[in-house]
Each structure stands twice: as structure tokens, then as C-alpha cells.
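Following: one structure in C-alpha cells, then a few remarks.
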Amino acid sequence: MDNQWIVPPGRYKATLTQVKKHDDDCIRLVFKLEDGKKAGKHYYTQKSYWLEKDLCSWLGLDRLQKLAVNGTLSPEELKKLIGKEAVLVITNENLGKEVPLVVIREILPHTSQNLRWVNANEPKFRMSFAPNAEDIAIAA
């Protein structure tokens with residue numbers, strides 16, 4: 001198996017590299033991650049809500065509406081996004097196979113806020129005394 005498609009869970013800086021018509025009812029978006037790995041997601045026309053949700057999260061509603069001519073998107077219109085950066089939130093699903101299924105849970109804008117957790121290997125907890133925290137007293 002080609003290990004460029006095996007991606008551990010986490011957030012990754014990525015670039016859209018391919019929009020491919022999978023069949024008459026499905027398209028696939030393929031992203032190249034900063035470390036050279038790849039992740040893809042299929043979207044089906046009967047469940048177009050998922051593509052709209054991901055694109056709205058990634059691009060924002062205004063940009064999505066400009067891209068969607070007459071409220072619809074074709075693979076050709078989606079190809080205009082090739083080269084655009086994003087932050088991918090990836091999880092893995094263990095389906096009883098040796099290699100888990102890599103799932104793109106979210107496609108977020110490429111911003112410093114979204115990149116804050118990229119490749120974080122351990123959880124981080126915000127303390128009450130951290131910068132930008134509200135000035136509140138905590139009673140023991």
C-alpha cells in the first residue's frame with residue numbers, strides 16, 4: 001500500500017491539488033499535506049450538503065456564493081480552487097482493517113488561528129492566567 005495516503009489524526013496545512021469527477025454522481029477533492037502526504041474526500045450530488053458545508057467553512061459564504069454560479073457548482077468551477085491552501089482536520093476510523101480509514105472531518109481556512117494546533121502531539125489546556133484571559137478571580 002502507498003503510505004503517502006496514511007495520515008495520523010491531527011490538523012494539517014494542505015493545498016488543494018486535484019478535483020476529479022469520480023463518476024456521474026461523485027467528485028473527489030485531493031489535498032497535498034505539507035509533509036508530502038495526501039488526503040482526499042468524496043462528495044455525492046445527492047448529499048450536496050456536505051460539500052456546501054466544507055466549502056462554506058473553508059471559503060466563507062460570500063466567496064462560495066461567488067463561485068457557485070446560479071447556486072450550483074460543477075467540477076470545472078471547483079478546479080478554480082486548485083492551489084488554494086487550507087487546514088485539514090483529519091481523524092481515522094478503524095473499520096477492522098490493518099490500516100484505518102483517513103477521514104477529512106473539516107476543511108478550515110488557512111489562518112494563523114487554525115494553524116495554531118497543526119501537528120500538536122499532545123492536548124493543551126488554556127490556563128486562567130494565560131494572556132488574553134479575562135480578569136476574573138478564582139476562589140479556592
Side-chain angles (χ1 to χ4, degrees):
M1 175 175 224
D2 188 0
N3 69 3
Q4 70 179 343
W5 293 95
I6 301 172
V7 181
R11 283 191 182 206
Y12 295 88
K13 181 178 174 181
T15 304
L16 181 65
T17 58
Q18 186 180 55
V19 175
K20 185 175 182 180
K21 186 177 173 184
H22 192 64
D23 59 34
D24 289 341
D25 195 34
C26 178
I27 60 163
R28 182 177 189 207
L29 301 184
V30 176
F31 291 86
K32 183 175 182 181
L33 283 53
E34 190 174 43
D35 63 2
K37 293 189 179 284
K38 294 181 181 181
K41 188 166 184 178
H42 289 86
Y43 296 96
Y44 298 89
T45 57
Q46 291 94 0
K47 297 179 181 181
S48 60
Y49 165 79
W50 297 109
L51 177 61
E52 182 178 344
K53 178 184 171 294
D54 282 347
L55 291 178
C56 193
S57 171
W58 180 24
L59 305 173
L61 183 58
D62 290 342
R63 186 151 183 219
L64 176 57
Q65 287 175 334
K66 288 178 185 173
L67 184 66
V69 178
N70 298 322
T72 61
L73 280 172
S74 70
E76 291 306 311
E77 290 154 337
L78 286 170
K79 285 181 181 179
K80 294 176 185 175
L81 297 173
I82 291 176
K84 181 158 179 58
E85 293 181 320
V87 173
L88 302 183
V89 178
I90 294 184
T91 61
N92 291 166
E93 291 182 5
N94 184 347
L95 302 176
K97 299 189 178 202
E98 184 178 329
V99 178
L101 176 66
V102 173
V103 178
I104 297 174
R105 287 283 174 216
E106 292 181 87
I107 304 173
L108 303 172
H110 183 264
T111 64
S112 59
Q113 179 71 20
N114 291 331
L115 286 169
R116 178 179 296 161
W117 294 89
V118 168
N119 297 329
N121 292 327
E122 66 276 339
K124 295 182 180 163
F125 301 90
R126 185 166 190 80
M127 301 290 109
S128 63
F129 53 82
N132 300 328
E134 295 179 1
D135 293 328
I136 57 174
I138 298 177

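Because only heavy atoms are used, hydrogens play no part in the values below, and waters and symmetry mates are left out as well, while side chains stay in.
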Any side-chain to backbone donor/acceptor pair from [X] onto [Y]? Under 3.5 Å, distance only.
X     : Y     : answer
Asp23 : Cys26 : yes
Asn92 : Pro8  : no
Lys37 : Ile6  : yes
Asn70 : Thr72 : no
Glu77 : Ser74 : yes

Under the rule for ring pair (Phe, Tyr, Trp, His ring centres under 6.0 Å), what residues qualify as partners of His42, not counting sequence neighbours?
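Partners of His42 by the ring pair (Phe, Tyr, Trp, His ring centres under 6.0 Å) criterion, ordered by chain and then number, come out as His22.
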For [X] and [Y], work out which heavy atoms get closest and say how close.
X      : Y     : answer
Pro109 : Ser57 : CD-O, 3.2 Å
Leu59  : Arg63 : O-CB, 3.6 Å
Val19  : Pro75 : CG1-O, 3.9 Å

Out of curiosity, [X] [atom1] to [Y] [atom2], how far, rounded to the nearest 0.5 Å?
X      : Y     : atom1 : atom2 : answer
Thr15  : Ile82 : OG1   : CD1   : 11.5 Å
Leu29  : Leu81 : CG    : CG    : 8.0 Å
His110 : Lys13 : NE2   : NZ    : 4.0 Å
Lys47  : Glu52 : NZ    : CD    : 16.0 Å
Leu55  : Leu61 : CG    : CG    : 11.0 Å
Asp25  : Tyr44 : CG    : OH    : 8.5 Å

Are any of the side-chain heavy atoms of [X] and [Y] separated by less than 4.5 Å?
X     : Y     : answer
Leu73 : Leu64 : yes
Ile90 : Leu33 : yes
Leu51 : Leu78 : yes
Lys38 : Thr17 : no

Does Lys84 NZ have over 12 foreign heavy atoms under 6.0 Å away?
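Atom NZ in Lys84 is crowded, with more than 12 foreign heavy atoms closer than 6.0 Å.
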May I have the step-by-step check of side-chain contact (heavy atoms from CB on, under 4.5 Å) for Val102 and Trp5, ending in yes or no?
CA-CA 8 Å; Val102 173; Trp5 293 95; over 6 Å; no
For Arg105, all residues meeting side chain to side chain donor-acceptor pair (under 3.5 Å), sequence neighbours excluded:
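Residues passing side chain to side chain donor-acceptor pair (under 3.5 Å) with Arg105: Thr91, Glu93.
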Can you run down the ring pair (Phe, Tyr, Trp, His ring centres under 6.0 Å) pairs that involve residues 51-99, sequence neighbours left out, and say none if there aren't any?
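For residues 51-99: Phe31-Trp58.
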